[in-house]
Amino acid sequence: MIITYQGQNYDIINWNDFRDKLLSAIGFELAIAIRQEIDRQGLVATAQFRQGVHTEIQNGELLITNVQPYAVFVEYGSIGTEKGVTDPYGEGSRGARERKAPPIGELKDWAKRRGIENVWALAKHIQRYGTPAFAPYRRVMYNENKMGQIITKAVGSATK
C-alpha cells in the first residue's frame, strides 16, 4: 500500500504494524486535544479527570476512555427526576440515565474545593435537577476541523 503525505510517497509493507503505529499516534494527539478541551471548559477541580484520559490499541482498534467513575456524568450529564437536561450532541444521557445521582464519594473532593460542605445535599440536588452534558470527548471527536488536524499530525508522526 502506498500513502502520499505532503508530496512524499510511503510504501507501507507491513500494514498491521503501520496501522497500530498510526492509531497510537492518533490516540496520543486525541488525548492531548481532549485534555485541552477539559481545561478550556474548566472541568478540572482535581487533576484526576484530566489524567484519567486513556487511549489504547486493541485488536486493531483505538479505544478512548476515562478511568474515573464519574466521567460518564461529565460527558453525558444526568437526567434529574424533575427536569431533564439537554445534551448538546443530541444523544441523551445514555450512560447516566439509570444513575440519577453521581456517587457521593466522587463529589467530596470537588465540593470541598468549592467550599461546599453538605455533599449529600449536593448529590440530592443533582439527582433532582440533573447535570449538563459537558461532552469534552465528543466536542473534540465531532469537530471535523480538529479531527483533521489530529489525523494530519498523527500521519506525520507515523510515517517518520
Side-chain angles (χ1 to χ4, degrees), residues 19-158:
R19 178 200 60 209
D20 288 350
K21 187 175 178 183
L22 178 59
L23 287 174
S24 180
I26 290 171
F28 178 80
E29 295 297 334
L30 197 51
I32 289 170
I34 290 168
R35 288 183 187 113
Q36 288 171 342
E37 180 62 23
I38 289 168
D39 290 344
R40 187 189 71 72
Q41 290 188 56
L43 300 176
V44 178
T46 67
Q48 293 172 336
F49 182 64
R50 190 178 188 286
Q51 292 169 348
V53 177
H54 180 73
T55 64
E56 67 179 277
I57 311 303
Q58 277 188 4
N59 301 321
E61 294 182 358
L62 175 60
L63 299 176
I64 305 152
T65 59
N66 192 304
V67 298
Q68 297 304 321
Y70 54 85
V72 67
F73 296 103
V74 176
E75 185 66 28
Y76 290 104
S78 63
I79 296 174
T81 56
E82 291 202 13
K83 132 182 157 183
V85 295
T86 58
D87 183 336
Y89 293 91
E91 294 186 24
S93 299
R94 270 189 256 157
R97 254 184 225 283
E98 293 86 34
R99 297 170 290 208
K100 300 212 184 326
I104 288 178
E106 302 301 330
L107 280 175
K108 284 182 182 175
D109 286 339
W110 183 89
K112 185 177 182 178
R113 291 182 183 279
R114 284 165 174 74
I116 300 170
E117 293 181 21
N118 192 340
V119 179
W120 183 85
L122 174 61
K124 292 305 281 180
H125 179 85
I126 290 170
Q127 180 178 17
R128 188 172 186 183
Y129 297 105
T131 57
F134 292 102
Y137 284 71
R138 290 175 293 157
R139 286 181 194 272
V140 172
M141 292 187 292
Y142 287 18
N143 183 323
E144 191 174 322
N145 291 332
K146 177 60 86 177
M147 284 305 297
Q149 293 168 0
I150 288 169
I151 291 169
T152 299
K153 262 182 144 173
V155 168
S157 296

Any side-chain heavy-atom pair from Phe134 and Ile38 closer than 4.5 angstrom?
-> no

Closest heavy-atom pair and its distance - Ala111, Leu122 = CB-CD2, 4.1 Å

For residues Gln36 and Lys146, report the shortest heavy-atom separation together with the two atoms involved.
-> OE1-NZ, 4.5 Å

Minimum heavy-atom distance between Ser157 and Ala25, given as atom pair plus value | CB-CB, 4.2 Å

Is it true that a side-chain atom of Arg50 and a backbone atom of Asp39 form a donor plus acceptor pair closer than 3.5 Å?
-> no

Point-to-point distance, once rounded to the nearest 0.5 Å, from NE2 of His125 to CD1 of Ile116 | 9.5 Å

Between CG on residue Asp20 and CG on residue Leu62, distance to nearest 0.5 Å | 10.5 Å

For Glu75 and Arg138, indicate whether the former's side chain and the latter's backbone hold a donor-acceptor pair under 3.5 Å.
-> yes

Work out which heavy atom in Ala31 is nearest to a heavy atom in Thr55; give both atom names and the distance.
-> CB-CG2, 4.3 Å

Between atom CD of Gln41 and atom CZ of Arg139, what is the distance when rounded to the nearest 0.5 Å?
-> 4.5 Å

Heavy-atom nearest pair, Asn66 first then Val53, reads ND2-N, 3.7 Å

Euclidean distance, Leu43 CG relative to Glu37 CD, rounded to 0.5 Å = 8.0 Å

Nearest 0.5 Å, what's the CD1-OG1 distance between Ile26 and Thr152?
-> 10.0 Å

Could you tell me which non-hydrogen atom of Ile34 sits nearest to which non-hydrogen atom of Pro136, and how far apart they are?
-> CG1-O, 4.5 Å

Between atom CE of Met147 and atom CD of Gln149, what is the distance when rounded to the nearest 0.5 Å?
-> 10.5 Å

Parallel, tilted or perpendicular: rings of Phe49 and Tyr70 (30°, 60°) | tilted

Do other residues, nucleotides or ligands put more than 12 heavy atoms under 6.0 Å from Lys21 NZ?
-> yes

